[in-house]
Amino acid sequence: MTAIFKRELHSYFTNGIGYVYCAVFALVMNLFYYLNSITMYQSSFLYIFNIMLIAMIFLIPIMMMRIWSEEKKQKTDQLLLTAPVTTMDIVLGKFWAAMCVFLISLSLTLIYPILSIIYGTPEPAITIGNYIAVILAAGAYIAISQFMSSLTESQIISALLSMLTLSLFFFLNLIFESTDIDIIAQVASFLSIITRYVNFFQGMFSLSDVVYFISLTVLFLFFTSRVVDKRRWS
Amino acid sequence: MIKINNLSKRYGPKVAVKGISFEVRKGEIVGFLGPNGAGKSTTMNVLTGYLSASGGSAAIAGFDVLDDAIEARRHIGYLPEQPPLYFDMTVDEYLGFVYELKKAKQPRKKHLEDICSRVGLTNMRSRLIKNLSKGYKQRVGIAQALIGDPDVLILDEPTVGLDPNQIIEIRNLISSLAETHTVILSTHILSEVVAVCKRIIVINDGEIVADDTVENLVTNAEGAMSYVAEIEGDSDEIIPVLAAIEGVEDISPDGENTYVIKACEGADIRSAVFLAVAQNNLKLGSFTKMQSSLEAVFARLTKKGETDV
């Protein structure tokens, strides 16, 4: 797993995708920060996490779209899949490398809490809670996007599928909010990323929300390894 | 070392490999020969665990490629048809990655140095793979297969894209590897098989049509011997003379004053022909045994039903 992790991370920063991802991420965040906190004098910067979660719906699929299709195109999957490692090792190596790039981009936002410590009223517990929520959500986003990339050889289709699925998960409760059937609304709300995130946002740290994000991640990592393995049988 | 039992592989309705079985012992170099689309690469992909078999089984060093996949793959060095290279890495970075991926135990620096000098990459180690020529990319592919010193090497068309000098170098390399490794290499270049392999498995249309040493394959496949004789004179006069010789099966004129004489199986007709020609006062210009080449054997085996070559 470490070999694949290192290679993936290396490739993010030699083919430029890692830099571009971090730059676009920082640009979007800073733009909103500028508009709200600097020009509007809004003291709390917590809205930035909402924007982050929505921006990631579009950025992470783009970062992840080549992750399997490129291997197939260059036939390097033949090296990986005939090496003495399990498919799950490969999937995990790719997952942690993407996580690492995300954490680098996230570290760029640490400037906001620092500024709020200097110039405003810091809210340490809620800030930390929000950071944890965003990291957990990113794990799920990356796992889902990797899964979509394993499904298709087309990078565009993979990116669009991931964006669609992520949006669906994100807005699930809003989509079914007005339904009369109570059970559907409840299930939708249970599965929705928003519902889970709102708890963190309000400073409530519940184990079931953490388990939700981790399960989603593990489930899609497992699906990915099944899809890759299944190709051996086709 | 390698044991394949009734192996088959289907792609949807198409059967690419139809229940083949063979065994390769330690230290053998086996040439896997067949026209394009015969099932060579598919068989190799199943052996290395890249694809799963639809039926039958395969084992490497006693480990089933399906049930003990990881253990079996530990014993394999595989060069696929298209070398699996990451273009954004240098040769050194790439080989280091493969070293870690395979969890090789050999001392890293020395092992990689040895391999690079063996395949002639020493001067290219800091170059980006995407900037290498096709021949060098192929060498990186071979180097990658050698990492970790696997017992079994599976090489899918190892000399494709190399220039004639490189081809000879790589063939020598493969021959030298055979002392300590078991090698299967696929190719459709016949001279390569003759140069490198002791044993040939010919596969056609998903089935093994021959599995023998090079010499046996040539002698057995041809069966009866044919000779070319150049005899001056009237063919109406010559043919009955030749036909009367014991052991001659068929005579066919082949250009002016030239005849192809086919002997019955097992018969040696050479001295009888000399004698008959001399006794009838005919002039024998030349008399040669027709060489049955591997090309002819290959064509016959893989074209069944069509005209003999």
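So you know, we letter chains A, B, ... as the sequences are listed, proteins then strands, and number each from 1.
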- If one checks every heavy atom of B:Lys103 against chain A at 4.5 Å, the contacting part turns out to be side chain
- Checking B:Tyr99 against chain A: side chain, backbone, both or neither under 4.5 Å from a heavy atom? neither
- Is the count of non-hydrogen atoms from other residues, nucleotides or ligands lying under 6.0 Å from A:Tyr131 atom OH greater than 12? yes
- Counting heavy atoms not belonging to A:Tyr19, are there more than 12 under 6.0 Å from its OH? no
- Task: Would you indicate whether B:Lys137, at its atom NZ, is surrounded by more than 12 heavy atoms from other residues, nucleotides or ligands within a distance under 6.0 Å?
- Result: yes
- Item | Side-chain donor or acceptor of B:Arg74 paired with backbone N/O of A:Pro84 under 3.5 Å | no
- Any chance CZ of B:Arg10 has more than 12 other-residue heavy atoms, nucleotides or ligands included, within less than 6.0 Å? no
- Query: When rounded to the nearest 0.5 angstrom, what is the spacing between CG in A:Asp89 and CD1 in B:Ile70?
  - Reply: 7.5 Å
- Message: I'd like to verify something: which residue of A:Glu70, A:Arg231, A:Lys6 has the highest number of heavy-atom pairs under 4.5 Å with chain B?
- Response: A:Lys6
- Message: To the nearest 0.5 Å, what is the distance between CD1 on A:Ile4 and CD on B:Glu100?
- Response: 10.5 Å
- Please assess B:Tyr86 against A:Glu71 for the test side-chain hydrogen bond (donor to acceptor under 3.5 Å, both in side chains), listing each intermediate value before the final yes or no. CA-CA 9 Å; B:Tyr86 290 103; A:Glu71 304 270 8; 2.6 Å; yes
- Item | Minimal non-hydrogen separation, B:Lys9 against A:Arg232, with atom names | NZ-O, 3.4 Å
- Turns out that what part of A:Thr82 lies under 4.5 Å from chain B's heavy atoms comes down to both
- Message: Using heavy-atom distances under 4.5 Å, tell me whether B:Leu47 contacts chain A through its side chain, its backbone, both, or neither.
- Response: neither
- Task: Under 4.5 Å, counting heavy-atom pairs only, tell me which of A:Leu80, A:Thr2, A:Asp229 racks up the most with chain B.
- Result: A:Leu80
- Checking B:Glu71 against chain A: side chain, backbone, both or neither under 4.5 Å from a heavy atom? neither
- Task: Could you pull out the closest heavy-atom pair between B:Leu85 and A:Gln74, with the gap in Å?
- Result: O-CB, 4.3 Å
- Query: What's the shortest heavy-atom distance between A:Trp233 and B:Ala53, and which atoms?
  - Reply: CZ3-O, 3.7 Å
- CA sep, side-chain torsions, deciding dist, call: A:Arg7, B:Asp88, side-chain contact (heavy atoms from CB on, under 4.5 Å): CA-CA 10 Å; A:Arg7 201 210 74 74; B:Asp88 56 357; 3.9 Å; yes
- Item | Contacting region of B:Val98 [heavy-atom separation from chain A under 4.5 Å] | side chain
- Message: Ignoring hydrogens, what is the shortest heavy-atom contact between A:Thr76 and B:Pro84? Give both atom names and the distance.
- Response: CG2-C, 3.6 Å
- Item | Crowding at CZ, A:Phe190 (>12 non-hydrogen neighbours, <6.0 Å) | no
- Query: Does atom OH of A:Tyr34 have more than 12 heavy-atom neighbours from other groups under 6.0 Å away?
  - Reply: no
- Query: What's the spacing between A:Gln78 CD and B:Gln82 CD if we round to 0.5 Å?
  - Reply: 8.0 Å
- Query: How long is the gap from CG on B:Leu101 to CD1 on A:Ile90, to the nearest 0.5 Å?
  - Reply: 7.5 Å
- Note on the structure: Minimal heavy-atom distance between B:Tyr50 and A:Asp77, with the atoms involved, is OH-OD2, 2.8 Å
- Message: With rounding to the nearest 0.5 angstrom, report the CG to CZ distance, A:Asn15 to B:Phe87.
- Response: 14.0 Å
- Enclosure of A:Lys75 NZ (heavy-atom neighbours >12, cutoff 6.0 Å): no
- Message: Could you report the tightest heavy-atom contact between B:Gln144 and A:Leu79, atom names first, then the distance?
- Response: OE1-CD1, 3.6 Å
